[in-house]
> 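Supplied in structure tokens, the structure appears directly below.
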Protein chains: 2
Amino acid sequence: MSQMKSEHIPKATIGRLAVYIQVLENLLRDGNDVISSEKLARACSVNSSQIRKDLAYFGEFGVRGVGYYVQELITSIKQSLGIDRIWKCALIGVGNMGAALLRHHDFEKRGFHIAAAFDCDPDKIGREFESLEIVCPTHLKEQAPEMGLEIGIITTPPDRAQRAANHLVDANIRGIINFAPARINVPAHIPVEYVDFFDHLYAIAFQITLGND
Amino acid sequence: MSQMKSEHIPKATIGRLAVYIQVLENLLRDGNDVISSEKLARACSVNSSQIRKDLAYFGEFGVRGVGYYVQELITSIKQSLGIDRIWKCALIGVGNMGAALLRHHDFEKRGFHIAAAFDCDPDKIGREFESLEIVCPTHLKEQAPEMGLEIGIITTPPDRAQRAANHLVDANIRGIINFAPARINVPAHIPVEYVDFFDHLYAIAFQITLGND
DNA sequence: TCAATCATGTGAAATATTTAACAAGGGGAG
DNA sequence: CTCCCCTTGTTAAATATTTCACATGATTGA
Ligand SMILES: NC(=O)c1ccc[n+]([C@@H]2O[C@H](COP(=O)([O-])OP(=O)(O)OC[C@H]3O[C@@H](n4cnc5c(N)ncnc54)[C@H](O)[C@@H]3O)[C@@H](O)[C@H]2O)c1
Ligand SMILES: NC(=O)c1ccc[n+]([C@@H]2O[C@H](COP(=O)([O-])OP(=O)(O)OC[C@H]3O[C@@H](n4cnc5c(N)ncnc54)[C@H](O)[C@@H]3O)[C@@H](O)[C@H]2O)c1
């Protein structure tokens, strides 16, 4: 957060910054060292002013008359978002979804290290999965500070999501991602993000239906 | 789409409607037959006018002085979104993520039937998974119209996403959900939704970092 | 039947976000 | 060194979305 400039940043901006990183990393892989906001905009399907405005919230990263140095810009965006370091995560609910996430090594690559896995199923507790021992959630409170766990990932069934959230809050976790389709209540200072694929399926179904009339 | 009233509907509204359905179904399960916009608003962490406005895009579903009949409202929202029917989906890429989705029976429950699974790996082609035979993507073009496949779900590695999209477009699919972290190009009339968990992880990391200053 | 009550649906006001337009400034050719 | 070109950063205008405020209409009980 080296050069933050502005007060409130639109939620939508954060989403777009994630897209910019994705596209910039592909550009870099293809050998592009420099890019203009105009070209980046086309690749991201947004307006070029939008990109310049989004970046302006955090600082000045470009060179007038030239554009942005791709590697430098990636670094700057990551710094701005606070993802220029490793975040340690705790996953609760090692089922279908939880296991898929544990096997997915992009988490590590992108700076989110799932350092501990919890499940309340006695058959699972004590077993090892992806080189993590599955632990009972009651141990969260003692393990979280010990291990420096900061973000909780909930992948329990929806009717267990609140319970899982309670464990996380109790363990002083600082933010929560909830994959279960259920709202949870936590203290206001703990940010919660809901991941629900069905949002997107609904949006597609709606757009298809619209275009069809 | 029985009683559509308005022209353009904000994207954010669609996202909220998905949340309303989620919360309403829980309310129904808990035995609530009627609910006011005020109470629903609290459960969804939004403003009550927002709810009334969102619903007003599609029609009048409430009763003044009373509120909304929960079951009726669920039905109305589903009709409005075009999810009051079964959508047949094709999944491309039966790896880690694709397999988790195939095993996840909420898709069926929510009206999205994954009717066919494609993968280009010779070791996987011909195998059966979750009672679906895994098929080579070159067969998409012939199978899609036969089976009435309408929505494509991409779960290939990112560098294969465009190829998968091409197969889907070629097969006259009507909409695409892309789980791979890569932008894809398709004709303008085909809606694409990108699912990327990292958006949410970034958002959490950012909010934690902000609150920390 | 009528009045009191209550929560919706909606137009108008307040905010927020996106887009356009351009002044400012870096880089390179001559 | 100067001029010209190019693209950023930013201010201002245009849109879009959210919130407020209240008239409207359904329901209930006297
Ligand atoms: N699988 C998918 O593709 C998918 C897709 C979207 C959403 N989801 C959501 O993700 C969640 C998990 O789905 P799944 O398919 O993995 O289900 P699952 O039943 O396979 O796994 C759930 C796991 O959570 C554990 N659990 C239950 N209560 C717990 C508690 N209080 N503390 C700790 N662990 C607990 C169970 O023992 C089980 O291992 C669900 O809410 C589901 O709706 C899954
Ligand atoms: N696993 C997760 O939890 C997770 C989370 C977020 C995003 N993703 C994304 O989902 C995608 C899939 O991830 P994964 O972990 O399942 O990877 P994976 O390697 O396990 O599976 C990819 C599958 O796609 C198949 N495939 C490759 N090219 C293909 C083509 N042209 N046509 C058809 N099939 C093809 C492969 O044979 C393989 O079976 C990746 O883009 C990944 O970034 C996965």
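Only a predicted model underlies this, so the values are computations on that prediction, with no experimental measurement involved. Quick note on labels: first sequence line is chain A, next is B, and so on, each numbered from 1. What you see below is based on every heavy atom in this structure, not just the backbone, and it leaves out hydrogens, waters and symmetry mates.
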> May I have the distance from A:F61 (atom CZ) to D:dT7 (atom C1'), rounded to whole angstrom?
17 Å
> Could you check how far CZ of B:R52 sits from C1' of D:dG25, rounded to whole Å?
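Atom-to-atom, B:R52 to D:dG25, this comes out as 14 Å.
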> Side chain of B:K53, heavy atoms from C-beta onward: which of C:dG9, C:dA12, D:dT8 has the nearest atom to it?
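Nearest listed nucleotide: C:dA12.
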> Under 3.5 Å, which donor-acceptor pairs link side chains of residues 164-171 of chain B to any protein atom two or more places apart or in another chain?
{"residue": "B:N166", "atom": "OD1", "partner": "B:Q162", "partner atom": "NE2", "Å": "2.9"}
{"residue": "B:N166", "atom": "ND2", "partner": "B:Q162", "partner atom": "O", "Å": "3.4"}

> Nearest-nucleotide wise, let me know which of B:G62 and A:T13 is further upstream toward the 5' end of DNA chain C.
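On the 5' side of the pair lies B:G62.
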> For A:I86, check side chain to side chain contact (heavy atoms under 4.5 Å, CB included) against everything at least two apart and list the hits.
A:H113
> Taking atom P of C:dT8 as reference, at what distance in whole Å does atom CZ of B:F58 sit?
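So the CZ-P distance, B:F58 to C:dT8, works out to 18 Å.
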> Looking at A:E146 and A:K141, is there a salt bridge between them, counting it only when a charged N and a carboxylate O are closer than 4.0 Å?
no
> In whole angstroms, how far is the P atom of C:dT10 from the CG atom of B:L55?
11 Å
> Specify whether A:F198 and A:Y202 have parallel, tilted or perpendicular ring planes, treating 30° as the upper limit for parallel and 60° as the lower limit for perpendicular.
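Geometry flag for A:Y202 against A:F198: tilted rings.
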> What nucleotide among C:dT17, D:dT8, C:dT18 has an atom nearest to a side-chain atom of A:H8?
C:dT17
> Quickly, which of B:V46, B:L27, B:V19 forms a side-chain contact (heavy atoms from CB on, under 4.5 Å) with B:L40? Name it, please.
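Of all the options given, the one that passes is B:L27.
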> Is the phosphate of D:dT18, meaning OP1 or OP2, less than 4.0 Å from a side-chain N or O of B:R16?
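Yes, such a contact exists.
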> Not counting sequence neighbours, list each pair that qualifies as a ring-ring contact (aromatic ring centres under 6.0 Å, His included) and has a residue in residues 14-46 of chain A.
none
> Hey, are B:Q79 and B:T75 close enough side-chain-wise for a donor-acceptor pair under 3.5 Å?
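There is no such pair between these side chains.
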> Mind running a 4.0 Å heavy-atom check of residues 33-51 of chain B against DNA chain C and sending the residues that fall below it, in number order?
B:S36, B:S37
> Below 4.0 angstrom from OP1 or OP2 of D:dT10, is there any side-chain N or O of A:Y57?
no
> Grab the N/O contacts between the protein and nucleotides 24-30 of chain C below 3.5 Å, and write none if there aren't any.
{"residue": "C:dA24", "atom": "N3", "partner": "A:R64", "partner atom": "NH1", "Å": "2.8"}
{"residue": "C:dG25", "atom": "N2", "partner": "A:G65", "partner atom": "N", "Å": "3.4"}

> Roughly, in whole Å, what's the span from NZ in A:K11 to P in D:dA16?
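Nearest whole value for this atom pair: 23 Å.
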> Return each pair, listed once, that meets side-chain hydrogen bond (donor to acceptor under 3.5 Å, both in side chains) where at least one residue sits in residues 147-157 of chain B; pairs must be two or more places apart or across chains.
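The answer is B:R85-B:E150, B:E150-B:R174.
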> Given side chains that start at C-beta, do those of B:L149 and B:N172 come closer than 4.5 Å, heavy atoms only?
no
